[in-house]
Amino acid sequence: MADRNSKGATRGELETGAETGAVRDSTEDWKSKPPYRTTPANEHFDKKWTAHCHCGRIRYWLSRDKPLATKFCHCVDCQALHGAPFQWAAIFEKDDLHFEKGAEGLAFYHSPDKTTVHRLPCKVSCAYCHSPIMDEGRNMVLMFPGIIKFSDAEHKKLFDPQCHIFYSQRVVDIHDGKPKWSRLDGQSELMKEVERTDSKEHTVLGEARNENMED
């Protein structure tokens with residue numbers, strides 16, 4: 001998610017409120033703040049949703065009923081770092097999230113300079129099985145709902161994406177009627193859906209996009 005706008009801010013910085021190169025691990029005080037803090041106060045954390053990584057070593061809870069927003073991101077960074085055509089991301093405040101063991105067992109990756117440090121914005125994953133957990137910014141986090149344990153389909157609908165972003169960099173065409181922004185939602189051009197070539201359900205492969213393309 002390191003795509004930059006005209007002012008040099010990355011998508012992660014705009015989505016999560018992080019400042020470019022904001023280093024918070026010099027004294028490791030970030031470990032005592034949400035979402036990593038492990039204090040007696042967390043015993044009263046309202047657990048609306050629970051999730052864990054593939055190996056089960058990392059577990060977390062969410063206290064908010066539904067995300068502030070949910071989106072599909074098609075940027076080339078998400079494609080590369082998730083090994084998938086696009087990313088499903090749900091935005092929460094940091095206070096909405098509680099990790100069972102704090103920062104223990106988590107790995108951090110700062111994609112702008114490709115370093116494995118806790119520098120915002122950063123990608124967070126399980127250090128053992130490498131399941132993606134979230135993207136962290138200064139005030140917000142982008143959670144990946146694929147690992148949340150939903151009790152039924154109705155609950156899962158609360159996490160339905162409202163739109164697609166960075167659709168100009170897509171590798172597949174999605175026919176779902178949702179708004180499709182060329183870059184950030186509300187800050188770029190809305191794109192038209194590619195029409196189906198027949199009446200059957202199918203997925204259309206898009207043209208390969210270069211990582212350095214501006215649109």
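Here the structure is a predicted model, which is why all the values come from computation and not from measurement.
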Compare every heavy atom of [Y] with every heavy atom of [X], then report the nearest pair and how far apart it is.
X	Y	result
I174	Y167	N-OH, 2.9 Å
I58	E104	CD1-O, 3.5 Å
L158	P67	O-CD, 3.4 Å
H54	S131	N-OG, 3.1 Å
C78	C73	SG-SG, 3.7 Å
P35	K94	CB-O, 3.8 Å

- Between Y36 and F99, what is the ring plane arrangement, given parallel below 30°, perpendicular above 60°, and tilted in between? parallel
- Query: Relative to each other, are the rings of F159 and F150 parallel, tilted or perpendicular (30° and 60° limits)?
  - Reply: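 Perpendicular.
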Between the side chains of [Y] and [X], is the shortest nitrogen-to-carboxylate-oxygen separation below 4.0 Å, so that they form an ion pair?
X	Y	value
D152	K156	no
K48	D46	yes
R183	E189	no

Measure the spacing between [atom1] of [X] and [atom2] of [Y] and express it to the nearest 0.5 Å.
X	Y	atom1	atom2	result
W61	L97	CH2	CG	10.5 Å
W49	I148	CH2	CD1	8.0 Å
M134	C122	CE	SG	7.0 Å

- So, do I91 and V141 sit near enough that their side-chain heavy atoms are less than 4.5 Å apart?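 No, their side chains stay 4.5 Å or more apart.
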- Message: Does any part of the side chain of L106, heavy atoms only, come nearer than 4.5 Å to the side chain of E136, both counted from C-beta?
- Response: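 No, too far: nothing below the 4.5 Å cut-off.
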- For E100 and H52, what are the C-alpha separation, side-chain angles and deciding distance, and is it a side chain to side chain donor-acceptor pair (under 3.5 Å)? CA-CA 10 Å; E100 182 181 47; H52 65 75; over 6 Å; no
- Message: Assess, by modelled atom type and distance only, whether the side chains of Q87 and H82 contain a donor and an acceptor separated by less than 3.5 Å.
- Response: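 Per modelled atom types, Q87 and H82 side chains form a pair under 3.5 Å.
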- Query: Side chains of D185 and H164: donor-acceptor distance under 3.5 Å anywhere?
  - Reply: no
- For this output row, return yes or no: ring centroids of H74 and F166 closer than 6.0 angstrom.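 No.
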- Message: Are F108 and W30 an aromatic pair, judged by ring center distance below 6.0 Å?
- Response: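 So the answer is yes for these two rings.
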- Query: Taking atom NZ of K178 as the centre, does the number of heavy atoms from other residues, nucleotides or ligands within less than 6.0 Å exceed 12?
  - Reply: yes
- Item | Test salt bridge (charged side-chain N to carboxylate O under 4.0 Å, His left out) applied to K31 - qualifying residues, sequence neighbours left out | E28
- Think R57 forms a cation-pi with Y128, using NZ or CZ under 6.0 Å from the six-ring centre and within 45 degrees of its axis? yes
